[in-house]
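Have a look at the structure below, then the notes.
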Amino acid sequence: MKILFILFLSIFSLSSLAQDKYLPDVAATQKLSKEVSQLFYDDYIGVAFKKLMPYWPLPADEIQGLEEKTIRYLNMLDDRFGEKVEVVRLKEETIKDFAIRETYLIRYEKSAIRLQFSFYKNDKGWIVNAFKWDDSLSEEFE
């Protein structure tokens with residue numbers, strides 16, 4: 001009985017993962033990170049997370065939790081950082097042919113936030129390995 005419960009829980013956990021698609025190539029990863037960055041700039045945070053979700057192997061409820069926290073914090077930043085100015089693609093870093101990290105900045109009048117997208121290539125294609133945003137500009141000067 002205990003084994004059946006564990007098996008059921010494992011199957012349920014796998015089926016609750018948001019990721020069910022793969023990006024076919026590097027150009028698709030670049031396009032996705034550019035689109036999501038622009039959606040952040042335009043304050044379409046929910047749409048941005050929905051774009052990431054099919055390629056991100058996290059449980060859907062975790063992604064929704066991240067979305068809610070992001071909306072809450074970005075509302076505070078608008079008051080603190082002023083008006084948005086532009087989206088800037090800062091850099092792309094690679095590890096051989098199986099990992100990519102794209103970094104974007106959303107410039108405000110008084111500061112900026114950094115968006116980082118990490119992609120990982122497996123046998124089926126590219127997936128979102130990680131997505132984060134912060135206001136740590138000092139790390140970009142290293």
Taking only distance into account, with no hydrogens and no angle test, what donor-acceptor pairs under 3.5 Å do side-chain atoms of residues 117-132 form with protein atoms, sequence neighbours excluded?
residue : atom : partner : partner atom : Å
N122    : OD1  : K124    : N            : 2.8
N122    : OD1  : G125    : N            : 3.1

Hey, could you give me the CD/NZ distance between Q38 and K51, rounded to the nearest 0.5 Å? 12.0 Å

Kindly compute the distance separating CZ (R114) from CG (D135), expressed to the nearest 0.5 Å. 9.0 Å

Are Y73 and L115 grouped together when hydrophobic residues (ILVMFWY) are joined by side-chain heavy atoms under 4.5 angstrom apart? yes

List the atom of R80, the atom of K110, and the distance in Å for their closest heavy-atom pair. O-CD, 3.6 Å

Report yes if the side chains of K84 and D43 come closer than 4.5 Å at any heavy-atom pair, otherwise no. yes

Evaluate the criterion side-chain contact (heavy atoms from CB on, under 4.5 Å) for residue pair K34 and E102; output intermediate values, then yes/no. CA-CA 9 Å; K34 181 179 181 178; E102 296 244 358; over 6 Å; no

Whether over 12 other heavy atoms sit under 6.0 Å from Y44 OH: no

Using every non-hydrogen atom in the two residues, find where Y104 and S33 come nearest and quote the distance to one decimal. CE1-OG, 3.6 Å

Counting only heavy atoms not in E86 (residues, nucleotides, ligands), do more than 12 fall under 6.0 Å from its CD? yes

Run the side-chain contact (heavy atoms from CB on, under 4.5 Å) test on T70 and F40 for me, step by step, so that the C-alpha distance in whole Å, both residues' side-chain angles and the decisive distance to 0.1 Å come before the verdict. CA-CA 10 Å; T70 296; F40 258 67; 3.8 Å; yes

Value for CZ (R107) from CD1 (I113), rounded to nearest 0.5 Å, stands at 13.0 Å

K91/E140 ion pair, N-O < 4.0 Å: yes

For L137 and S111, the nearest pair of non-hydrogen atoms, with its separation, is CD1-OG, 4.2 Å

In terms of hydrophobic clusters joined by side-chain contacts under 4.5 Å, are L52 and V26 together? yes

Are more than 12 heavy atoms from other residues, nucleotides or ligands located less than 6.0 Å from atom NZ of K50? no

Within the 4.5 Å heavy-atom criterion, are L66 and L58 side-chain neighbours or not? yes

If you group Ile, Leu, Val, Met, Phe, Trp and Tyr by side-chain heavy-atom gaps below 4.5 Å, do V47 and W56 land in one group? no

One should read off an interatomic distance between L105 CG and L90 CG, to the nearest 0.5 angstrom, of 4.5 Å

Does V36 belong to the same Ile/Leu/Val/Met/Phe/Trp/Tyr cluster as I100, with side-chain heavy atoms less than 4.5 Å apart forming each link? yes

Residues which pass ring-ring contact (aromatic ring centres under 6.0 Å, His included) with Y41, listed by chain and number, not counting sequence neighbours: none

In this structure, OG1 of T103 is separated from CD of E139 (nearest 0.5 Å) by 10.0 Å

Roughly how far, to the nearest 0.5 Å, is NZ of K31 from CG of D25? 10.5 Å

Full working for side-chain contact (heavy atoms from CB on, under 4.5 Å) between W133 and L77: CA-CA 12 Å; W133 69 270; L77 285 184; 3.6 Å; yes

Please assess I106 against F81 for the test side-chain contact (heavy atoms from CB on, under 4.5 Å), listing each intermediate value before the final yes or no. CA-CA 11 Å; I106 296 180; F81 289 177; over 6 Å; no

Joint hydrophobic cluster, Y108 plus V88, side-chain heavy atoms closer than 4.5 Å: no

